[in-house]
Amino acid sequence: MSPAEPRRVEHLETDKGYVPVYTTTVIDQPWASYSPADHQTWATLFERQRQILTGRACDEFIDNQQRFGMTPDAIPRFDDLNEVLANATGWQLIGVEGLLPELTFFEHLANKRFPVTWWIRKPEQIDYIAEPDLFHDLFGHVPLLLNREFADYMQAYGRGGVKAHAIGSDALVNLTRLYWYTVEFGLIRQDGNLRIYGSGIVSSKGESIHCLESPAPNRLGFDLQRIMRTRYRIDTYQKTYFVIDSFEQLMAATRPDFRPIYTDLLAQPAIAAGEILASDCVFQRGTGEGWASGADV
Ligand code: PHE
Ligand code: FE
């Protein structure tokens with residue numbers, strides 16, 4: 001019997017709002033249980049995003065999605081994607097019910113396992129869903145796991161997460177901000193233009209355009225410690241995006257041991273999501289139009 005509904009174990013009221021927590025069970029993707037409506041949701045989102053992302057997402061993202069053979073025709077099978085991954089970077093997709101406890105998530109990444117939510121959003125959630133679903137995880141995160149540098153970064157992040165978890169909650173907050181501003185909402189410079197690589201952006205119709213074309217947000221050069229001090233919002237478009245020059249730059253900047261950095265950061269105040277510092281490399285100073293106040297995480 002395949003699960004028809006995801007199994008939430010509890011809901012937590014946190015500083016990020018109402019957050020569902022799921023079982024840590026790893027499950028086989030119940031592919032046969034997807035309904036025609038589920039496949040249609042995949043098709044609609046896939047076609048819409050591919051159109052928007054041509055010329056907006058970085059080349060590696062588009063190329064690797066093609067290498068995987070992802071198409072709008074049907075929700076991809078994890079088994080098929082895993083064959084491609086195994087030969088390329090040795091990563092493996094595992095099916096999960098949804099967001100995992102932090103340490104469990106880090107341990108998967110450290111072992112080159114990427115957890116993918118098996119269920120897809122309902123038709124009425126097509127434009128917005130507050131938690132990650134199959135479309136976000138698969139369409140958004142999985143393509144770059146075929147890229148050697150990026151895949152290595154994800155594994156290093158997982159190991160770093162296990163370490164930060166042992167150090168304490170301040171270190172975890174710093175590290176989570178790095179994930180947010182790179183893996184989820186990162187921009188990259190390619191041929192002199194800004195392009196998207198963040199999964200939170202590529203799986204969002206509105207933000208895919210907003211992050212590059214709107215005058216509202218700040219676009220700043222990547223700066224490790226600065227990012228680790230920067231708060232963010234989870235319920236609106238980002239006020240600030242950070243731009244890397246290459247995945248190699250990201251790897252090089254994050255290679256050093258973070259322990260002394262975590263210690264230094266204890267003495268430095270957090271930075272609001274929309275703030276610009278004198279030391280920032282500014283590609284674009286946002287107008288701040290439409291920004292909601294407060295509620296930074
Ligand atoms: N170098 C980091 C540490 O020592 C690990 C890490 C690598 C974290 C890549 C994030 C991204 O903790
Ligand atoms: Fe994500």
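For this chain, numbers begin at 1 and follow the sequence in order. Source: prediction; values computed, not measured. Atoms considered below: every heavy atom in the structure, side chains included; atoms not considered: hydrogens, waters and symmetry mates. Order of listing sets the numbers, starting from 1, for every ligand and every atom in it.
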(Q) Any N/O/S atom, side chain or main chain, of Asp137 closer to the Fe ion (ligand 2) than 2.8 Å? (A)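 Checking Asp137: none of its N, O or S atoms is under 2.8 Å.
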If we count only N and O atoms by modelled type, under 3.5 Å, do the side chains of [X] and [Y] hold a donor and an acceptor together?
X	Y	value
Gln190	Tyr197	no
Glu131	His136	no
Glu248	Tyr153	no

Q: May I have the step-by-step check of side-chain contact (heavy atoms from CB on, under 4.5 Å) for Leu85 and Phe68, ending in yes or no?
A: CA-CA 8 Å; Leu85 268 176; Phe68 268 122; 3.7 Å; yes
Q: List in chain and number order the residues that pass ring-ring contact (aromatic ring centres under 6.0 Å, His included) with Trp91, two or more places apart in sequence or in another chain; answer none if no residue qualifies.
A: none
Q: Heavy-atom cut-off of under 4.0 Å around ligand 1: list whichever protein residues fall inside it, by chain and number.
A: Tyr153, Ala156, Tyr157, Gly160, Lys163, Leu175, Leu178, Thr254, Arg255, Pro256, Asp257, Phe258
Q: For the Fe ion (ligand 2), find the closest N/O/S atom on Glu184 and give its atom name.
A: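 This residue's closest N, O or S atom turns out to be OE2.
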Q) Hey, which N, O or S atom on His141 ends up closest to the Fe ion (ligand 2)? A) NE2
Q.
Any heavy-atom pair between the side chains of Leu277 and Ile271 that's under 4.5 Å?
A. yes
Q: Indicate yes or no: at least one non-hydrogen side-chain atom of Trp119 is less than 4.5 angstrom from one of Asp133.
A: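 Yes, at least one pair of side-chain atoms sits under 4.5 Å.
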